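So that the names make sense, note that chain A is the first sequence line, chain B the second, and so on, each numbered from 1. The structure displayed is predicted, hence computed values, not measured ones.
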Amino acid sequence: MQYWLMKSEPDVYSLADLEREQHTIWDGVRNYQARNLMRDSMQVGDQVLFYHSNARPPGVAGLATVAQTGLADPSQFDPQSPYFDPKASPDNPRWITVKLSYQDRFKRFVPLDELKAHPELSELMVIRRGARLSVQPVSAADFKLICQLGNSPGTGS
DNA sequence: GCCAACGTTGGC
DNA sequence: GCCAACGTTGGC
């Protein structure tokens with residue numbers, strides 16, 4: 001089991017949206033490093049910190065789990081989509097993603113400032129300036145601590 | 001709205 | 001294959 005942090009702009013897709021829908025295909029990722037992590041490293045059952053970026057304040061809103069892997073992002077085939085990729089075809093998809101399931105909303109939203117204030121989290125990618133990667137690996141210890149800060153049981157116990 | 005950091009593109 | 005120009009991300 002591995003742990004991840006995944007960013008979403010809440011104006012576009014928030015944890016509340018995932019809670020309402022319960023499941024979502026994580027579409028629109030157009031960065032090769034993020035794609036490779038989802039395609040090659042994520043496994044069903046992995047735990048995800050759902051991070052709100054471009055928000056005031058930015059921070060971790062809750063938890064999701066990886067429900068399915070190896071999915072072709074449908075938006076790459078849709079000419080109407082802003083994520084359309086003319087070089088991709090159903091026979092030869094370029095953008096592989098995962099399906100997430102809603103797990104939990106933190107009782108306490110954990111803002112970025114608070115993550116930065118914890119010396120234990122100094123290795124956490126998201127606190128570093130310019131860490132734009134939208135899918136980031138998180139250590140088990142960091143995941144557990146962040147769940148505690150959010151006053152969420154997670155499943156890390 | 002600013003701008004630093006980073007990724008991608010394309011001319012050569 | 002280098003690298004300048006450009007576009008995007010995302011905190012502030």
*When you check every protein heavy atom under 4.0 Å of nucleotides 4-9 of chain C, what one-letter string (B, S, -) results, 5' to 3'?*
---BBB

*Tell me, please, which residues at least two apart from A/S101 pass side chain to side chain contact (heavy atoms under 4.5 Å, CB included).*
A/H23, A/T65, A/A67

*List for me each residue that meets ring pair (Phe, Tyr, Trp, His ring centres under 6.0 Å) alongside A/F84, sequence neighbours excluded, and say none if there are none.*
none

_Students often mix this up, so state it plainly: with edges at 30° and 60°, are the rings of A/F50 and A/W26 parallel, tilted or perpendicular?_
perpendicular

*Remaining members of hydrophobic cluster (4.5 Å side-chain criterion), A/F77*: none

*Which residues in residues 112-126 of chain A have at least one heavy atom lying under 4.0 Å from any atom of DNA chain B?*
none

*Between A/N36 and A/Q33, is there a donor-acceptor pair closer than 3.5 Å when you use the side chain of the first and the backbone of the second?*
no

*Answer yes if the side chains of A/R132 and A/S53 hold a donor-acceptor pair under 3.5 Å, and no otherwise.*
no

*Verify, without hydrogens or angle tests, whether A/H52 (side chain) and A/L15 (backbone) share a donor-acceptor contact under 3.5 angstrom.*
yes

*Assign each of A/N31 and A/R56 to its nearest nucleotide of DNA chain B by heavy atoms, then name whichever residue's nucleotide is nearer the 5' end.*
A/R56

*Quick one: side chain to side chain contact (heavy atoms under 4.5 Å, CB included) partners of A/Q2, sequence neighbours excluded?*
A/W4, A/S41, A/D46

